[in-house]
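Only a predicted model underlies this, so the values are computations on that prediction, with no experimental measurement involved. Throughout, protein chains are lettered first and strands after them, A, B, ... in sequence-line order, and every chain is numbered starting at 1.
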Amino acid sequence: MQKPSLPKGTRDFGPVQMARRTHILEVIKETFQLFGYQQIETPAMENLSTLTGKYGDEGDQLLFKILNSGDFLKDVESTDLESGASAVLPKVAEKGLRYDLTVPFARYVVMNRNELTFPFKRYQIQPVWRADRPQKGRYREFYQCDADVVGTESLVCEAEIILMIRNVFGKLGLKDYSIKINNRKILTGIAEAIGEEGKEGPLCVAIDKLDKIGWEKVQEELSQRGFGNQSIQNLAPLVSLEADLAGKVEFLKSFLKNSETGLKGVEELEEVFQILSQMGENLDFVDFDIMLARGLSYYTGAIFEVKVNGVSIGSVSGGGRYDNLTGVFGLPGVSGIGFSFGVDRLYDVLDELGLFPEENLNGTKLLLTYFDEKGFSYALSLLNIFRKAGIKTEIYPDQAKIKKQFEFATKKQISFVGICGDNEIQSGTISIKNLNSGEQNSYSIQEAAGLLENL
RNA sequence: GUGAUUGUAGCUCAGCUGGUUAGAGCGCUGGUUUGUGGCACCAGAGGUCGCCGGUUCGAACCCGGUCUUUCACCCCA
C-alpha cells in the first residue's frame with residue numbers, strides 16, 4: 001500500500017489551525033454584518049460557459065475543468081483529437097470549479113434580479129480553486145471573503161470598504177499595513193495625458209513593476225510596448241513625484257487638466273475622502289498610490305489593495321468598482337463595488353507576526369476522571385449535570401489508568417479534571433483539580449458546576 | 001506555461017570525495033509511581049533515505065525520469 005497524499009497546492013487544517021481560521025472568519029463575518037451585508041453561497045462548480053472569458057486568456061488556463069460524467073468521450077471525433085486540446089475540451093467538460101466569488105455573484109444577481117432589493121449588499125465566504133503553480137501564500141484551493149454592493153454608484157460604498165478593512169485588521173491585531181487606493185479613471189487619464197490614449201493596460205503592467213525593477217527598466221519595457229519617447233518623458237514627473245496625499249491630488253489636477261475622465265477619477269477619490277470626514281473618520285492607513293493597477297479587465301472606478309508591512313506575503317485584500325460586471329450575463333448598466341479578504345494569506349501573515357492568541361482552542365473545560373468501574377459509573381452520571389450548566393465536559397471513554405487520563409487532559413489543554421473516586425462517591429462530591437495551578441479541592445456537585453461556570 | 005530549488009524516523013535536522021547493522025534532539029510507548037498530569041531518571045518501538053529506472057563489486061550520496069516543496073517570471077488572495 002502506498003502512502004496517501006494530497007493534491008498539489010491543497011492542505012488539511014487540524015484543530016489548532018481551524019480554531020485560528022475560525023477566529024479570522026468570525027471577525028470578518030461580524031464586520032460584514034455590522035455594515036449591513038447579507039450572506040449567500042453559490043455552488044463550487046459552475047457551467048464552464050459562465051466562467052470562461054471572464055478572467056482573460058491566462059485565467060481560462062487556470063480554471064479547473066470537471067470531466068463529464070459517464071462516457072465523456074462519446075462526442076469526441078478523431079478529428080477533434082487531431083485539432084488539439086481546445087477542440088476536445090468543450091466536448092468532454094461542461095463544468096468547472098469557480099475561480100473567484102465575483103463572477104458567480106454576477107451570475108446570481110442576473111438570475112435573481114427580480115427578487116433582489118437594490119442596492120444589494122452581499123457577502124460570501126467560500127473556497128475558490130485555481131490551477132496556479134503553488135508558492136508561499138499561493139494555493140490551488142483557498143478561501144475568499146467577498147463583500148460586494150450592486151445597484152448603486154454611491155461612493156459611500158468605497159468609504160465603507162476602508163472602514164471595514166480597518167475594523168477587521170484592528171480586531172486581528174494588525175498595526176502596520178497600508179490600504180492602497182487608486183482610481184481606474186486616473187490611470188485612463190494618465191494614459192491620455194501623456195499622449196497614449198487607451199493604452200493604460202500595458203502602461204500599468206509596466207509601471208506596476210516600478211518598485212521591483214526601477215524606472216530605467218520600466219522605460220525600456222514601455223518602449224518595447226510601443227510607447228513613444230515623448231510619452232515616456234511626459235510620464236517622468238509623475239514617477240518622480242514625492243508628495244503627501246493632498247499634494248498628489250493637487251499635482252494630478254494639473255497633470256490631468258486636459259483629461260475629463262482623469263479629473264473625474266480625482267474627483268471621485270476626493271469625494272471618498274470627504275465622505276469619510278463627514279463620518280467623523282480619518283485617513284489612517286490609507287495610501288493614495290497613483291501607480292496602483294489591478295484587475296484592469298473589469299474595474300472602472302476605485303481600486304483597492306491591502307498589504308501588510310514587514311511580511312513576506314503578498315496582498316491580503318483587494319477589490320474595486322466595476323460598472324458593468326453583469327453585462328456579460330445580459331444585465332447591463334448595473335454598477336457594483338466589492339472587495340475580498342484572503343483568509344489563507346491573513347493566516348500566514350498573523351502566523352509570521354506571531355499574532356495568534358495563545359489559548360485559542362476553546363475546547364473542553366472539564367475532564368471527568370476515575371479509578372475503577374465504580375468511579376466510571378459515577379462520572380457517567382455527572383456528565384449531564386455539568387453539560388446542562390453549560391460547561392464543556394467530557395469523560396475519558398476507555399477505562400484507563402488515572403495517569404493516562406491526566407495526561408490526556410494535559411495534552412488537550414483541558415484546564416480542570418474532576419476526580420471520581422471512592423471518597424467522592426461516598427460523600428456525593430467531586431474533587432476538582434486545576435491542572436494549570438495544581439490546586440485541588442473537594443466540592444459538592446452543584447458547587448463545582450457553579451464554580452466552573454464562572455471560570 | 002518557462003527557469004531554478006527541495007525531499008533522510010511523527011516533527012526539526014545531521015550523515016565525510018560512493019564503502020559494514022543510517023544517527024541526534026523533540027515527540028511516542030512502557031517503567032520508577034495501583035488516589036493524581038507537567039519535571040526528572042531508566043528502558044523500548046519507529047526509516048524499502050519521496051517514487052521509478054540507470055551507472056557501479058557496492059548508492060541516502062552519482063545520472064535520467066516523475067511527484068512534492070520552495071523561489072523567480074507571469075498573474076494573483
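Pairing of B:A9, defined by two Watson-Crick or G-U wobble distances under 3.5 Å, is not identified with any nucleotide. In this entry B:A40 has B:U32 as its Watson-Crick or G-U wobble partner, both defining distances falling under 3.5 Å. B:U48 is unpaired under the Watson-Crick or G-U wobble criterion, no partner having all donor-acceptor distances under 3.5 Å.
With hydrogens and angles ignored, a donor-acceptor pair closer than 3.5 Å exists between the side chain of A:Q440 and the base of B:U36.
Among B:G35, B:U29, B:C75, the nucleotide with an atom closest to any side-chain atom of A:I419 is B:G35. Minimum atom distance to the side chain of A:Q144 is reached by B:A77, of the listed B:U68, B:A77, B:G38. Checking B:U2, B:G38, B:G35 against the side-chain heavy atoms of A:N423 singles out B:G35 as nearest. Each of B:C71, B:U36, B:A77 was ranked by its minimum atom distance to the side chain of A:Y139; first place goes to B:A77. Out of B:C28, B:G35, B:C71, the shortest distance to the side chain of A:K136 is found at B:C71. In the set B:G30, B:G35, B:A72, the nucleotide with an atom closest to the side chain of A:Q135 is B:A72. Of the candidate nucleotides B:U2, B:C74, B:U69, B:U69 has the atom lying nearest to any side-chain atom of A:P134.
Considering only heavy atoms from C-beta on, A:F339 stays 4.5 Å or farther from A:V306 through its side chain. Taking the side chain as every heavy atom from C-beta outward, A:Y139 and A:R130 never approach each other to under 4.5 Å.
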Run A:Y396 and A:Y370 through ring pair (Phe, Tyr, Trp, His ring centres under 6.0 Å) and show every step you take. CA-CA 9 Å; A:Y396 196 83; A:Y370 47 85; 7.5 Å; no
A:I24 vs A:Y347, test: side-chain contact (heavy atoms from CB on, under 4.5 Å). Steps then yes/no. CA-CA 8 Å; A:I24 298 172; A:Y347 185 103; 4.1 Å; yes
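In terms of phosphate contacts, A:K401 brings a side-chain nitrogen or oxygen within less than 4.0 Å of OP1 or OP2 of B:G31.
When the C1' atom of B:C76 is taken as reference, atom CG of A:L63 falls 14 Å away, rounded to whole Å. Note: CZ (A:R138) to P (B:A77) measures 10 Å, nearest angstrom.
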